[in-house]
There are 2 protein chains.
Amino acid sequence: MPRIDTKTRILDASEQLFAGRGVSGTSIRAITAKAKVNLAAIHYHFGSKESVLESVLSRRLIPLNAERLTLLEEYERRSKNNVVALPKIIEALVGPALRVSRDPKKGGGLFMKLLGRLVLEPDEKIQSLLTNQFRTVLERFMPALKKALPGLEPADFYWRLHFLVGAMAHTMADSERIQTVSGGICNPDDTEDTIKRLVSFIVAGMEAES
Amino acid sequence: MPRIDTKTRILDASEQLFAGRGVSGTSIRAITAKAKVNLAAIHYHFGSKESVLESVLSRRLIPLNAERLTLLEEYERRSKNNVVALPKIIEALVGPALRVSRDPKKGGGLFMKLLGRLVLEPDEKIQSLLTNQFRTVLERFMPALKKALPGLEPADFYWRLHFLVGAMAHTMADSERIQTVSGGICNPDDTEDTIKRLVSFIVAGMEAES
DNA sequence: TATTAAATCAAACGAATGTATGAATTACTC
DNA sequence: GAGTAATTCATACATTCGTTTGATTTAATA
């Protein structure tokens with residue numbers, strides 16, 4: 001028996017490579033080489049490359065989305081009339097996603113990068129995979145958002161939700177560029193600082209006068 | 001001589017396929033089949049697949065970025081003290097990019113989609129290619145933005161610029177999802193409406209109190 | 001310890017990839 | 001219209017891809 005489970009080794013290696021070179025840019029052989037397992041191990045344990053991606057995602061995404069819902073429910077419990085302030089809602093949505101980078105056991109930045117990039121992946125299977133995972137979260141957050149943003153017309157609501165996802169995904173996917181562009185002024189490793197800035201940007205955008 | 005230049009046919013086909021399936025998801029053979037040219041034509045006219053992408057980008061990006069600068073300069077000429085209002089600056093930055101989708105001669109939405117997706121492409125060569133194209137634009141827009149946002153500390157400035165790019169890229173790349181998510185309420189084909197909403201979201205985000 | 005199930009292994013499969021070649025064809029120039 | 005350059009063509013090359021096989025080894029069970 002290896003020190004670490006073969007399945008886990010494959011998932012870890014896949015996560016790193018997918019995040020760094022993209023899904024279609026990563027070969028089965030690259031994964032098995034990095035994981036130091038036999039080439040056939042992927043087929044034996046997962047069945048296909050696509051199934052590996054599915055496992056890579058659900059391993060992190062299920063607890064991540066659960067945390068989002070837990071946070072929102074906690075805020076709702078503490079609130080009056082179940083109306084949570086907008087910054088809290090946004091924080092519950094983007095906070096857990098950005099915070100995974102702090103915990104090496106949760107992929108330490110790599111999974112975040114991967115997730116941010118997959119949002120714009122052309123592949124339809126990947127898209128439906130992500131959409132399904134995100135649906136329950138969205139269904140739960142939408143009513144809360146609508147309560148926090150009364151008077152906002154539906155079209156504006158959905159458009160701004162769209163912009164929100166874009167800002168969040170880009171922040172998750174590309175934590176290195178901002179360091180270069182800003183000449184070192186911005187430090188994406190300070191997760192809580194990043195969350196604070198992202199939340200305030202989004203909140204202002206969501207509350208903009210139309 | 002064919003009705004349309006072979007080079008152009010290759011560029012058109014590449015643009016469509018790159019936008020739809022991603023760069024690494026598109027094969028040379030798929031391009032030549034769609035363009036109805038010989039397989040070797042790509043090697044003859046461009047030399048390599050990467051060189052094709054480079055041409056696809058520069059064909060649209062050079063006039064696009066020129067238009068951004070022209071707009072900004074026009075706004076500056078009309079302004080007092082060279083201080084342009086923030087909404088105008090943002091409009092000059094995101095407007096031309098989103099407007100290419102209205103003109104079928106400029107790629108009609110496909111190039112926009114491609115560009116939005118390439119922003120998060122892992123491949124380093126693609127990144128440096130995009131960065132180089134965007135650098136002159138950024139160098140020109142940054143002073144204008146700083147003038148329009150006095151008092152904003154540098155870290156906030158760069159972070160919000162980062163969020164801006166995210167919201168813009170996501171809007172460019174994914175014009176179909178919002179239609180689905182919103183149940184048809186949002187119409188991404190109405191370019192000017194999209195620009196208006198995106199600009200107001202970004203402006204509010206940029207001006208947020210920190 | 002004998003038997004069975006689970007896991008790993010080296011090796012190979014056919015298909016698809018980007019690239020390259022040299023002949024055949026077309027377009028242009030004098 | 002002959003000669004030259006530019007282009008297009010069918011075809012092949014060497015890799016790499018995801019997947020599969022069947023034997024071998026390891027672990028669990030009895």
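Below, chains carry the letters A, B, ... as their sequence lines are ordered, and counting in each starts from 1.
- Atom NZ of Lys36(B) is separated from atom P of dT8(D) by 16 Å (rounded to the nearest Å).
- The pair Asp12(A)-Arg9(A) does not meet the salt-bridge criterion, since no charged nitrogen lies less than 4.0 angstrom from a carboxylate oxygen.
- The pair Arg140(A)-Glu76(A) meets the salt-bridge criterion, with a side-chain N (NZ, NE, NH1 or NH2) lying under 4.0 Å from an Asp/Glu carboxylate O.
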Heavy-atom contacts, protein to nucleotides 10-20 of chain C, under 4.0 Å, summarised as B (base), S (sugar-phosphate only) or - (none) per nt, yield BBB----BBBB

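- Listed pair His45(B) / dA6(D) fails the phosphate criterion, with no side-chain N or O lying under 4.0 Å from OP1 or OP2.
- Asp5(B) has its CG atom 13 Å from the P atom of dA27(C), to the nearest Å.
- Of the listed residues (Val56(A), Leu129(A), Leu53(A)), just one forms a side-chain contact (heavy atoms from CB on, under 4.5 Å) with Leu118(A), and that residue is Leu53(A).
- For the pair Tyr44(B) OH and dT7(D) P, the interatomic distance rounds to 4 Å; values are reported in whole Å.
- The aromatic ring centroids of His170(A) and His170(B) lie 6.0 Å or more from each other.
- Contact check on Arg99(B) versus Glu192(B) returns a salt bridge, with a Lys/Arg side-chain nitrogen under 4.0 Å from an Asp/Glu carboxylate oxygen.
- Under 4.0 Å is where a charged nitrogen must lie from a carboxylate oxygen, and between Glu91(B) and Lys196(B) no such pair does.
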